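Scroll down for the structure; my scribbles are underneath it.
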Amino acid sequence: MKSNIALIGFMGAGKSATGRALARKTGKTLAEVDALIEAKAGKTIKQIFAEEGEVAFREYEIAVIKELGSQKNLVIACGGGVVLNKINIDRLKQESVVIWLTASTEAILERLKTSGDSRPLMPAKNQENEVQSLLLFRQPFYERAADLQVDTSGLSIEQVVEKILKKLANYAD
Ligand code: S3P
């Protein structure tokens, strides 16, 4: 039986907020991949992208997922692009049930409005068509990685957590 729960999904899908609430509810330890990358690099995600570029960021991401791969009893809140490298998925799946949080484009745009410019890959003005095309490009990556999918549109964090727990109870890994 896998003891970790990994949350994947697009920026603004609610991975971090859901991860915090899910960890609290289950008693598991929260591991936030972006925060661990920032600690490893000694700078913010924004600075890593600006000073070292996306490829270097993806290398930090791979290193953090590798470290988490062998740990147990975690809720892992992944960054939106973790799924882009298959090695991350393979390592996550060893000990995690992978849950894909989805939301409508409108909900994502709404949630991202409040995030300022901390997300280097977010189109500058959160333009709907750019978000839409990035979502379309990412779709097959999330699909391939996910064991379970949970639509979060219109739900509170608590409702999302309940939905996840219900799905997990019916999921034999
Ligand atoms: C990224 C998502 C971000 C962060 C980085 C890259 C992506 O995390 O890892 O800016 O490629 O989708 P969130 O999904 O938590 O915003």
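Both ligands and their constituent atoms are indexed starting at 1 by order of listing. A quick note: this is a predicted structure, and the numbers were derived from the prediction, not measured.
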One thing to verify: whether Glu162 and Lys166 come together as a salt bridge, which I'm taking to mean a side-chain N less than 4.0 angstrom from a carboxylate O. no

Note: ligand 1 atoms sitting under 4.0 Å from heavy atoms of Leu121 are 7 (C), 11 (O)

Counting only N and O atoms by type, is there a donor-acceptor contact under 3.5 Å from the side chain of Glu51 to the main-chain atoms of Ile48? no

Geometric cation-pi criterion, Arg144 with Phe141: 6.0 Å, 45°: yes

May I ask you to decide if Thr44's main-chain N or O and Gln47's side chain share a donor-acceptor pair within less than 3.5 Å? yes

Give the atoms of ligand 1, by number and element, whose distance to some non-hydrogen atom of Lys15 is under 4.0 Å. 13 (P), 14 (O), 15 (O)

Between Glu95 and Lys72, does any side-chain N to carboxylate O distance fall below 4.0 Å? yes

For residues Ile5 and Ile76, determine if any side-chain heavy atom of one lies less than 4.5 Å from a side-chain heavy atom of the other. no

Please confirm whether Pro120 approaches ligand 1 to less than 4.0 Å, judged on its heavy atoms. yes

Just by distance, do the side chain of Lys167 and the backbone of Gln149 share a donor-acceptor pair under 3.5 Å? yes

Among the heavy atoms of Arg58, does any lie under 4.0 Å from an atom of ligand 1? yes

Tell me: protein heavy atom nearest atom 2 (C) of ligand 1, and distance? Gly80 N, 3.4 Å

Among non-hydrogen protein atoms, atom 5 (C) of ligand 1 lies closest to Phe57 CZ, 3.8 Å

Taking a cutoff of less than 4.0 Å between a non-hydrogen atom of the residue and any ligand atom, is Arg138 in contact with ligand 1? yes

Among all protein heavy atoms in this structure, tell me which lies nearest to atom 16 (O) of ligand 1, with the distance rounded to 0.1 Å. Arg119 NE, 2.5 Å

Interfacing atoms of ligand 1 (cut-off 4.0 Å, heavy-atom, Asp34): 3 (C), 4 (C), 8 (O), 9 (O), 13 (P), 15 (O)

